[in-house]
There are 4 protein chains.
Amino acid sequence: MSTKQESTKAQERAEMQRHRILDAAQQCFIAHGFHAASMASIADTAGMSAGLIYRYFENKNAIVLAIVDRQLQLLRENIRLNRRVDLAAEWTQNYGRSCAAEAKGMNAALLLEMSAEATRDPQIAAALDHYDTTLRAALVDWLTGDPQAGGHGLPAAIAPYRALLLQCLFEGLKLRETREPDLDRALLSSALHEFIPMLLKP
Amino acid sequence: MSTKQESTKAQERAEMQRHRILDAAQQCFIAHGFHAASMASIADTAGMSAGLIYRYFENKNAIVLAIVDRQLQLLRENIRLNRRVDLAAEWTQNYGRSCAAEAKGMNAALLLEMSAEATRDPQIAAALDHYDTTLRAALVDWLTGDPQAGGHGLPAAIAPYRALLLQCLFEGLKLRETREPDLDRALLSSALHEFIPMLLKP
Amino acid sequence: MSTKQESTKAQERAEMQRHRILDAAQQCFIAHGFHAASMASIADTAGMSAGLIYRYFENKNAIVLAIVDRQLQLLRENIRLNRRVDLAAEWTQNYGRSCAAEAKGMNAALLLEMSAEATRDPQIAAALDHYDTTLRAALVDWLTGDPQAGGHGLPAAIAPYRALLLQCLFEGLKLRETREPDLDRALLSSALHEFIPMLLKP
Amino acid sequence: MSTKQESTKAQERAEMQRHRILDAAQQCFIAHGFHAASMASIADTAGMSAGLIYRYFENKNAIVLAIVDRQLQLLRENIRLNRRVDLAAEWTQNYGRSCAAEAKGMNAALLLEMSAEATRDPQIAAALDHYDTTLRAALVDWLTGDPQAGGHGLPAAIAPYRALLLQCLFEGLKLRETREPDLDRALLSSALHEFIPMLLKP
DNA sequence: TATGAATGAGGTTTCATTCAT
DNA sequence: TATGAATGAAACCTCATTCAT
């Protein structure tokens with residue numbers, strides 16, 4: 001029983017170390033990009049030796065993939081579609097927050113890095129592709145769903161391209177966030193509040 | 001006079017060499033990213049020696065900056081706003097074309113690379129910022145302009161956020177292009193043809 | 001008295017542990033060589049932690065030396081010269097067996113590794129040298145010994161170079177074993193049965 | 001024509017550099033073994049930077065293979081079988097010379113290193129195997145050849161195992177050379193002069 | 001103008017060894 | 001006694017940049 005407890009404790013510790021490394025890596029990747037961030041800088045940021053990282057990740061690429069997975073997981077968790085959420089308000093509110101390096105949620109700069117890298121790395125491309133497919137389906141469900149249950153009752157014929165537009169708008173907004181983190185919120189709010197409802201109505 | 005001619009000829013040659021280098025660099029940057037692309041690969045692609053590149057560019061970063069400038073210039077030239085262009089048709093038509101490495105125009109993958117790098121490199125950030133400002137102003141002009149002269153006669157109060165939305169949509173579409181270059185064109189066409197007009201009407 | 005018993009038991013246990021480590025190390029050294037075999041792989045093979053090995057051996061080099069000693073001990077034990085053994089038959093029979101990693105006796109690959117390392121490490125060189133001297137003396141004794149007592153009755157003048165030839169042939173055969181483990185046994189048998197008797201006769 | 005000359009000169013220079021690197025590598029490999037010799041030490045010995053080596057060899061393993069090939073080539077060149085050479089005299093004379101690091105010919109320590117590595121690296125094993133096959137065939141030819149033409153006129157039935165014995169003896173002698181470079185030459189000479197003739201006569 | 005050999009700093013990764021538990 | 005996390009040195013290798021030719 002004691003060995004079982006100890007093994008569990010060790011596993012927890014290992015999980016914490018992985019977390020620590022991923023947090024450090026994320027900071028470094030945001031600050032310098034996947035390629036320019038060095039293992040040494042990640043180790044420094046994590047407050048450990050570079051060699052130790054290899055006890056928890058096979059190589060640098062494994063860290064990149066783990067970061068990508070984690071970010072996509074965050075994105076998925078952020079999708080709260082089964083209730084009538086006010087997308088315009090939420091997007092306005094979140095705007096600019098995901099750009100800071102210390103931000104907890106999905107990071108805009110990282111999304112760019114991931115997308116750029118996906119054009120080169122098949123594994124990252126596959127991960128993004130899977131995410132895209134999942135998200136698109138969820139959006140269509142949400143758009144065509146019964147309004148009583150939080151859906152929008154759109155006909156199945158038009159839902160797909162509304163979903164596409166929402167996705168493009170969301171990502172375009174993320175990209176803009178990296179370029180104009182201090183964009184006038186009032187302007188953004190007006191824009192989104194006028195436009196998004198159009199996409200949700202039949 | 002002859003020296004002047006010769007000097008001019010030399011300048012032209014220099015300009016051609018710079019072009020050759022930039023074309024090669026662009027291919028490499030698209031294929032591998034700013035950091036992973038090596039000077040050797042650029043030299044190879046350009047069909048010249050690595051050393052020679054340094055006669056035309058101070059260092060690798062100067063090439064990156066030149067590429068960024070060139071891309072933004074392309075984007076500016078692509079903006080044909082002083083006539084009533086069919087944005088929806090144009091965007092649909094161009095979709096997927098800017099992803100190929102050999103594409104002449106703005107390249108979607110490069111846009112991502114540039115945007116990502118802009119969060120790190122102040123010079124690139126400044127260049128993109130300048131581009132953003134210019135483009136936004138041009139869009140507002142176009143939206144508020146006299147319909148007779150190719151404008152859309154929007155009130156000055158709403159033009160700014162319509163411009164913002166157009167920009168986000170455009171960039172979101174570019175990002176999507178890198179992820180789904182084979183997206184169903186009919187779907188895209190429907191989406192754009194329904195929605196862009198809404199953004200252009202009072 | 002009880003402390004004495006316990007201490008003895010502890011010593012036995014320590015000896016067993018050393019054995020376990022050496023067995024594992026031998027496997028690893030055969031598979032990867034002295035330098036390429038890692039302490040981690042030895043620990044894995046021995047089914048213990050890397051740290052524990054250092055309780056029984058000062059460092060990796062001490063393991064190498066212990067392995068060398070053990071192998072030379074095996075070689076010495078294999079020399080059964082005080083009886084009229086059929087060397088040709090024995091060598092033929094053993095050929096190819098000492099190449100497998102799990103072989104109990106002297107391992108051919110290890111002999112090469114040891115000999116190669118001896119040209120660099122003075123301690124290993126000394127161990128091999130001592131073995132060589134011992135073996136040569138034993139061979140001469142055997143060759144000059146009374147035939148009634150298992151010797152071959154060679155004159156003292158020629159015994160030394162017969163011994164040298166036997167040694168070279170034996171080692172050359174070991175070397176060949178690593179290169180052609182599947183050598184035709186009939187060929188080998190013929191060769192040895194014709195040649196070795198010549199070396200043993202006046 | 002001038003470009004052709006220049007290209008030839010460049011190729012010659014490249015060949016010289018490869019030579020310089022291989023010479024340095026050989027020294028280091030003899031001194032420390034394939035694994036323990038570092039690229040840095042090779043570079044130091046060759047009087048160049050470590051990076052430069054990679055312009056001439058893809059990686060460290062390519063250097064090892066080149067050394068192996070070169071050594072086997074030396075061995076092949078040393079085989080002068082088409083004349084009635086006095087093997088015993090030649091082997092006696094060469095004994096001990098191939099052990100010095102600065103020796104030009106085949107190096108005994110390297111032969112051990114190569115043989116040991118061949119049990120792990122398939123490419124080296126293949127190279128040695130090819131050499132073995134070639135050598136064995138050449139020996140059989142020599143043994144069965146017409147005495148008038150430098151052969152020994154042995155029947156085809158016994159030549160194969162005489163060849164095998166010669167090969168084992170030769171390699172056993174090489175191994176011994178690393179252990180007893182100062183072996184008494186008179187002893188060796190006697191041994192070889194008595195025995196090798198036995199192997200060459202029907 | 002043009003080459004490409006050469007460098008040196010810095011990248012990722014491995015591993016013998018130590019030490020808190 | 002035993003573990004295995006942790007370190008730091010050193011391994012292999014890459015690449016932007018310089019410079020003699």
**Asked** B/Met48 has a side chain; which of E/dT3, F/dA2, F/dT3 sits nearest to it?
**Response** E/dT3
**Asked** With sugar-phosphate meaning primed atoms plus P, OP1 and OP2, does C/Tyr56 contact a base, only sugar-phosphate, or nothing at under 4.0 Å between heavy atoms?
**Response** sugar-phosphate
**Item:** Base partner of E/dA2, which must satisfy Watson-Crick or wobble distances under 3.5 Å
**Value:** F/dT21
**Inter-residue atom distance B/Asp121.CG - B/Met114.CE, 0.5 Å rounding** = 11.5 Å
**Prompt:** Is there a donor-acceptor pair closer than 3.5 Å between any side-chain N or O of A/Gln71 and the backbone N or O of A/Asn107?
**Reply:** yes
**Prompt:** For C/Ala37, which contact category applies under a 4.0 Å heavy-atom criterion: base, sugar-phosphate, or nothing?
**Reply:** sugar-phosphate
**Message:** In whole Å, I'd like the distance from the CD1 atom of A/Ile42 to the C1' atom of E/dT13.
**Reply:** 13 Å
**Prompt:** Looking at the side chain of A/Gln17, which of F/dT7, F/dA6, F/dT17 is the nearest nucleotide?
**Reply:** F/dA6
**Complete:** In whole angstroms, the gap separating P of F/dT1 from CZ of C/Arg13 amounts to 8 Å
**Prompt:** Using a cut-off of 4.0 Å on non-hydrogen atoms, how would the nucleic acid contact of B/Ser38 be classed: base, sugar-phosphate, or nothing?
**Reply:** sugar-phosphate
**Prompt:** What is the distance from OH of C/Tyr54 to C1' of E/dC15, rounded to the nearest Å?
**Reply:** 9 Å
**Item:** Along DNA chain E (nearest heavy atom to each residue), the more 5'-positioned of D/Ala50 and C/Ala40
**Value:** D/Ala50
**Request:** May I have the distance from B/Asp44 (atom CG) to E/dG4 (atom C1'), rounded to whole angstrom?
**Result:** 12 Å
**Prompt:** Counting only N and O atoms by type, is there a donor-acceptor contact under 3.5 Å from the side chain of A/Lys60 to the main-chain atoms of A/Ser38?
**Reply:** no
**Asked** Where the side chain of D/Asn59 is concerned, which of E/dT12, F/dT17, F/dC13 is the nearest nucleotide?
**Response** F/dC13
**Asked** To the nearest 0.5 Å, what is the distance between CG (D/Leu65) and CD (D/Glu58)?
**Response** 10.5 Å
**Request:** Determine, stepwise, if the pair B/Val68 / B/Glu117 fulfils side chain to side chain contact (heavy atoms under 4.5 Å, CB included).
**Result:** CA-CA 10 Å; B/Val68 169; B/Glu117 199 61 15; over 6 Å; no
**Prompt:** With a 4.0 Å cut-off on heavy atoms, is C/Arg55 in touch with a base, just the backbone sugar-phosphate, or nothing at all?
**Reply:** base
**Prompt:** CD1 of B/Ile63 versus C1' of F/dC15: gap in Å, rounded?
**Reply:** 14 Å
**Item:** Given DNA chain F, 5'-ward residue of the pair C/Gly47 and D/His35, judged by closest heavy atom
**Value:** C/Gly47
**Asked** Does the side chain of C/His19 come within less than 4.5 Å of C/Arg70's, by heavy atoms?
**Response** yes
**Asked** Looking for any heavy atom pair under 4.0 Å, which part of the strands does B/Ala14 touch: base, sugar-phosphate only, or nothing?
**Response** nothing
**Request:** In whole angstrom, give the distance that lies between atom CE of C/Met16 and atom P of F/dT1.
**Result:** 14 Å
Got a list of protein N/O to nucleotides 19-21 of chain F N/O distances below 3.5 Å?
none

**Request:** Provide, to the nearest angstrom, the distance between the CD1 atom belonging to D/Ile53 and the C1' atom belonging to F/dT14.
**Result:** 14 Å
**Asked** Hey, is the side chain of B/Ser49 poking within less than 4.0 Å of OP1 or OP2 on E/dG4, counting only N and O atoms?
**Response** no
**Request:** Kindly determine whether B/Arg20 and B/Gln17 satisfy side chain to side chain donor-acceptor pair (under 3.5 Å), including the steps that lead there.
**Result:** CA-CA 5 Å; B/Arg20 225 169 104 205; B/Gln17 290 282 61; 2.6 Å; yes
**Prompt:** For D/Ala36, which contact category applies under a 4.0 Å heavy-atom criterion: base, sugar-phosphate, or nothing?
**Reply:** nothing
**Asked** Just how far, in rounded Å, is P of E/dA16 from CD1 of C/Ile21?
**Response** 14 Å
**Request:** Find the distance between CG (A/Leu110) and CD1 (A/Ile67) and round it off to the nearest 0.5 Å.
**Result:** 6.5 Å
